[in-house]
Amino acid sequence: MIIHSLEWKDNKLYLLDQTRLPGTYVYLEYSDYLKVADAIKNLVVRGAPAIGIAAAYGMLLAYQNLSRDCQDIATIEKRFLYAADTMKMARPTAVNLFWAVDEMIKVFKNTKLENIYGALLRKANEIERQDKEICSRIADQGADIFKGKKHLKILTHCNAGALATAGIGTALGVITRLHQHGQLSCVYVDETRPLLQGARLTAAELVSSQIPVRLISDSMAADVMKRKKIDAVIVGADRIAGNGDTANKIGTYGIAVLCKYHQIPFYVAAPFSTFDFSISSGKDIPIEERNPDEVRMVQGIYIAPKNIPVYNPSFDITPNELITGIITEKGALKDLERISDSHYEARKNIEAYILLNGNTIYLMAEGRLVNLAAGDGHPVEIMDLSFAMQALAVSYLCEHEKELRPQLYLLPRELDEKVAEIKLKSMGYEIDTLSDKQKEYLGLD
Ligand code: MRU
């Protein structure tokens, strides 16, 4: 049985109160966006994709209320944007929150006043529906990695399941698919202190789906990896930086380190919208620090001195070099390019990004993902491409093309200046039209 974390019905949002699971199963009703922001803050709804969907409906409620109270578009816009800022302040780490609110702002700004409500409703519905589909595709992509393998023992952390999404989950979606394919022997679930999302939520989801599960305390992970011969770890993500560094529930980093020692593949499963291409590395991901009582207490009972000073970061960063692959709905990214900060700075200026997935090259620009290698029919060996060439390609796309050109020709690294010039000309570009920055990338100055 799939548990639904949220539902939009009769112009109201209903959230399953996850703070009371697994004991009590109750939906709370919301018609005020401020209460939705509080629900996100207090983990009534949690998990990156579910937070994003709840925030989108929260923005719909904001519009519903403020369009009732005021008529002129300038005031409505001011208040809508204020509501958006408030919503974004609910939690700092999961990028899906910011992404979803920005999607709603875009719709608001691009729609005539009389159509705004309908357009916002359609957008929130679409974000929810797409998340469902994305989960399913992530599950398929993830299952592909384990093709032909049997009796798998997988370890997971926190909750990246149905409760954290609108569908079957991300990490837990892959695990569910493996179970459906008869490839799973057992899932080991870390309880995930301090708030026990593993014990309260993931364990409950797995039991309800009749998937074989063993609950372990966080401190048992190393021993379980060694003695139970874990085949892979799969976790979710709250934000993935441009270089692949990943923020997820506190404890994830430790597990990735353990995987390295035990030579166990460590996978992150997440929708593409979890990538934050505006930041270069994990060090720029804001990490939420939560109430010290979450550490001092378990389920409302003090297990430590009441005033003991506490450090309570809710997330940690797993560096890209510890991640075997990032499973997205578009494929598993196994060779995320390791880029230095200075290279990244150059790319940031051109507001685009190239993702490398095996032999396939994707260009991420203007919110679209394009497979660059597909067009000319010759998959390009990633190692043959220098950063300079990629940057040139991207900068051309951004500066000269309104429509992205999937068939863009990519130049091999060994090109000298002359050949580069000829190639560029054959592509219809003149060297003297290059900006100084582009020439610098190419070493042409
Ligand atoms: O604090 P939470 O419960 O919101 O943290 C959730 C996680 O860390 C999940 O692993 C992550 O959001 C991915 S959910 C598909």
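Heavy-atom basis, side chains included; hydrogens, waters and symmetry copies ignored. Treat the numbers as computed from the prediction; the structure is a model and nothing was measured. Both counts, for ligands and for their atoms, begin at 1 and track the order of listing.
When heavy-atom distances to ligand 1 are checked against a 4.0 Å cut-off, Lys249 comes that close through both its backbone and its side chain. Contact annotation: for Pro49 versus ligand 1, heavy atoms closer than 4.0 Å belong to the side chain alone.
Counting only N and O atoms by type, the side chains of Ser136 and Arg177 include a donor and acceptor under 3.5 Å apart. Remark: the Asp38 side chain and the Tyr30 side chain contain no N/O donor-acceptor pair separated by less than 3.5 Å.
Among all protein heavy atoms, the one lying closest to atom 15 (C) of ligand 1 is Thr170 OG1, 3.2 Å. The closest protein non-hydrogen atom to atom 6 (C) of ligand 1 is Arg46 NH2, 3.5 Å. In this structure, the protein non-hydrogen atom closest to atom 11 (C) of ligand 1 is Asp238 OD1, 3.1 Å.
Under a 4.0 Å criterion applied to the non-hydrogen atoms of Ala48, ligand 1 contributes the atoms 12 (O), 14 (S). Per-residue contacts place Gln197 under 4.0 angstrom from the following atoms of ligand 1 (heavy atoms of the residue considered): 1 (O), 2 (P), 3 (O). The distance from ligand 1 to the heavy atoms of Ala164 drops below 4.0 Å at these ligand atoms: 14 (S), 15 (C). Within ligand 1, counting atoms from 1 as listed, the ones closer than 4.0 Å to a heavy atom of Asn248 are 7 (C), 8 (O), 9 (C), 10 (O), 11 (C). The Ala160 neighbourhood of ligand 1 comprises atoms 14 (S), 15 (C), with distances under 4.0 Å to a heavy atom of that residue.
For the pair Asn159 and ligand 1, a heavy-atom separation below 4.0 Å is found. Residue contact annotation: Cys158 has a non-hydrogen atom under 4.0 Å from ligand 1. At least one heavy atom of Arg91 sits less than 4.0 Å from an atom of ligand 1.
Nearest approach of Ala48 to Asp238, heavy atoms of both residues: CB-OD2, 3.7 Å. Here the shortest heavy-atom pairing between Pro92 and Pro286 reads O-CG, 3.6 Å. For the residue pair Asp245 and Asn320, the shortest heavy atom distance occurs at OD1-N, 2.8 Å.
Within the 4.5 Å cutoff, the side chain of Ser314 has heavy atoms near those of the Lys249 side chain. Using a 4.5 Å heavy-atom cutoff, the side chains of Cys259 and Leu155 are not in contact.
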(request) Could you please spell out the steps behind the salt bridge (charged side-chain N to carboxylate O under 4.0 Å, His left out) verdict for Glu126 and Arg122? (result) CA-CA 6 Å; Glu126 182 191 314; Arg122 277 194 298 282; over 6 Å; no

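Ion pairing of Asp144 with Lys147 is present here, as a side-chain N (NZ or NE/NH1/NH2) and a carboxylate O approach within less than 4.0 Å.
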